[in-house]
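Structure first, commentary second.
Predicted, not measured: the structure shown is a model, and the values here were computed from it.
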Amino acid sequence: MGRNVISAKLDVIFKKIFTENKDMLHDFVASMLDIPSESITEITITNPEMPPETISGKFSRLDLSLRVDDRLVNVEIQVKEHADYRDRTLFYWAKLYTSELKSGEEYGDLKQTIAINIINFNMFGGEDYHTEVVTAIKDTGEIFSDKFSIHFFELKKISRKPDPKNRKELWLQYINADKEEELAMIENTNVPIMQKAVRVIYDMSEDTRMREMARM
């Protein structure tokens with residue numbers, strides 16, 4: 001019988017993992033956005049705050065807001081489906097897009113803004129787990145602006161069989177895993193960064209406070 005493990009699809013666990021392991025965050029972002037890892041020179045976490053130490057303390061939103069070189073990136077885990085989720089993610093994208101433009105600056109200074117939504121429910125009809133939403137001209141399909149991008153990753157469409165050559169899918173399988181056997185399959189791919197990620201989950205699973213936060 002395998003040990004009980006906490007799941008990275010819980011936002012409090014997800015945020016703690018990636019705020020405390022910058023090498024894993026770097027690889028995760030590069031994989032999710034199909035950016036060569038070596039092309040990313042710097043990732044800054046702009047909202048590193050975590051929940052309070054006590055379970056009864058006040059929780060804030062646990063998305064992960066990043067500056068990836070000259071891009072603004074927001075990562076959010078959504079476990080439960082809500083009818084207004086599309087509107088909500090569009091609203092958060094818009095807030096992030098306008099957040100850094102100061103009085104007197106040009107609109108052209110607005111940065112490419114990307115939302116990454118990892119969702120534990122099916123939103124789209126196709127079989128592909130990854131959907132990218134962009135702004136395009138209706139009649140021609142020409143991209144209106146490359147500064148808008150919202151990605152949805154549907155966990156329920158992820159294969160359970162790890163492929164060591166598909167880093168994006170490995171990260172999503174890692175986030176989706178809630179059994180030791182699933183984490184062991186990821187560890188057995190012998191991909192060093194994923195082996196470290198599995199060890200991080202095991203260590204957190206031994207932490208009484210983290211287990212209680214996950215339960216809450």
Side-chain angles (χ1 to χ4, degrees), residues 7-19 25-26 28-35 40 43-51 58-158 168-169 171-172 175-176:
S7 174
K9 79 176 75 166
L10 298 175
D11 52 7
V12 63
I13 305 302
F14 177 89
K15 187 166 185 178
K16 186 171 179 63
I17 288 171
F18 288 107
T19 54
L25 176 63
H26 192 110
F28 170 78
V29 170
S31 300
M32 292 299 101
L33 298 181
D34 292 316
I35 301 171
I40 300 176
I43 296 180
T44 304
I45 301 171
T46 57
N47 66 337
E49 299 80 9
M50 286 296 295
K58 181 176 176 59
F59 279 75
S60 58
R61 285 188 69 247
L62 288 174
D63 60 341
L64 190 59
S65 188
L66 311 170
R67 188 178 291 107
V68 181
D69 293 336
D70 203 37
R71 311 173 188 90
L72 300 179
V73 178
N74 192 74
V75 186
E76 183 179 65
I77 298 279
Q78 182 65 29
V79 173
K80 294 184 179 180
E81 183 174 9
H82 294 285
D84 62 353
Y85 187 66
R86 297 188 190 206
D87 291 320
R88 195 181 85 176
T89 191
L90 185 60
F91 177 76
Y92 286 140
W93 177 90
K95 284 188 69 175
L96 184 61
Y97 181 58
T98 58
S99 64
E100 294 201 347
L101 190 68
K102 299 177 178 61
S103 177
E105 292 184 335
E106 300 293 332
Y107 291 115
D109 294 330
L110 287 162
K111 294 178 171 56
Q112 183 183 28
T113 302
I114 303 167
I116 297 174
N117 298 288
I118 300 172
I119 56 178
N120 196 41
F121 52 89
N122 292 340
M123 179 177 284
F124 305 101
E127 295 182 2
D128 196 342
Y129 62 80
H130 176 208
T131 299
E132 182 182 6
V133 179
V134 299
T135 56
I137 297 171
K138 184 176 181 179
D139 292 334
T140 65
E142 179 185 349
I143 296 297
F144 176 73
S145 172
D146 65 357
K147 293 185 177 181
F148 178 94
S149 177
I150 298 180
H151 295 261
F152 294 92
F153 295 94
E154 298 168 279
L155 293 178
K156 291 190 179 298
K157 296 179 180 178
I158 293 292
K168 180 188 295 181
E169 199 165 284
W171 277 118
L172 292 169
I175 292 167
N176 203 29

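Side chains of F152 and T89 form a contact here, defined as non-hydrogen atoms less than 4.5 Å apart. When side chains are defined from C-beta on, H151 does not count as touching T131, because their heavy atoms never get closer than 4.5 Å. In this structure, the side chains of I143 and F148 stay at 4.5 Å or more apart for every pair of heavy atoms. Side-chain contact check for R71 versus L66: every heavy-atom pair is 4.5 Å or farther apart. Using a 4.5 Å cut-off on side-chain heavy atoms (C-beta onward), L64 and L25 make contact. Within the 4.5 Å cutoff, side-chain heavy atoms of N122 are placed close to those of K157. For the pair L33/I116, a side-chain contact is recorded, criterion being any heavy-atom separation below 4.5 Å from C-beta on. By the 4.5 Å heavy-atom criterion applied to side chains, Q78 and M123 are not counted as neighbours.
By the neighbour-count criterion of 12 heavy atoms within 6.0 Å, atom CZ of F124 is densely surrounded, having more than that number from other residues, nucleotides or ligands. Counting non-hydrogen atoms of neighbouring residues, nucleotides and ligands closer than 6.0 angstrom, the CZ atom of F121 exceeds 12 such neighbours. In this structure, E105 places its CD atom where more than 12 heavy-atom neighbours from other residues, nucleotides or ligands lie under 6.0 Å away.
The two atoms that bring H26 and I40 nearest to each other are CE1-O, 3.3 Å, heavy atoms only. Here the shortest heavy-atom pairing between S149 and E132 reads OG-OE2, 2.8 Å. The two residues I17 and A8 make their nearest non-hydrogen contact at CD1-CB, 3.9 Å. Contact record, T19 with I45: CA-CD1, 3.6 Å, taken as the closest heavy-atom pair. Considering every non-hydrogen atom in both E106 and L101, the closest pair reads O-CD1, 3.3 Å. A pairwise comparison of heavy atoms in H130 and K168 identifies ND1-NZ, 3.6 Å as the closest pair.
Separation of atoms CD (E76) and CG (N117) is listed at 6.0 Å; rounding is to 0.5 Å. In this structure, CG on L172 lies 4.5 Å from CD1 on I158, to the nearest 0.5 angstrom. Going from atom CD1 of I43 over to atom CZ of F18 covers 10.5 Å, rounded to the nearest 0.5 Å. One finds the CG atom of L10 at 9.0 Å from the CD1 atom of I77 (value rounded to the nearest 0.5 Å).
The side chain to side chain contact (heavy atoms under 4.5 Å, CB included) with K147 is formed by just one residue from the set L72, L110, T113; it is L110.
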Practice problem: Take K80 and N120 through the side chain to side chain donor-acceptor pair (under 3.5 Å) test and state the conclusion after the steps. | Solution: CA-CA 7 Å; K80 294 184 179 180; N120 196 41; over 6 Å; no
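A donor-acceptor contact closer than 3.5 angstrom is absent between the side chains of T135 and S145.
Without hydrogens or angle criteria, Q112 side chain to D146 main chain gives a donor-acceptor distance under 3.5 Å. Without hydrogens or angle criteria, N47 side chain to D63 main chain gives a donor-acceptor distance under 3.5 Å.
Ring-centre distance between W171 and F153: not below the 6.0 Å cut-off.
Relative ring orientation between W93 and Y97 is described as parallel, the plane-to-plane angle staying below 30° on a 0-90° scale split at 30° and 60°.
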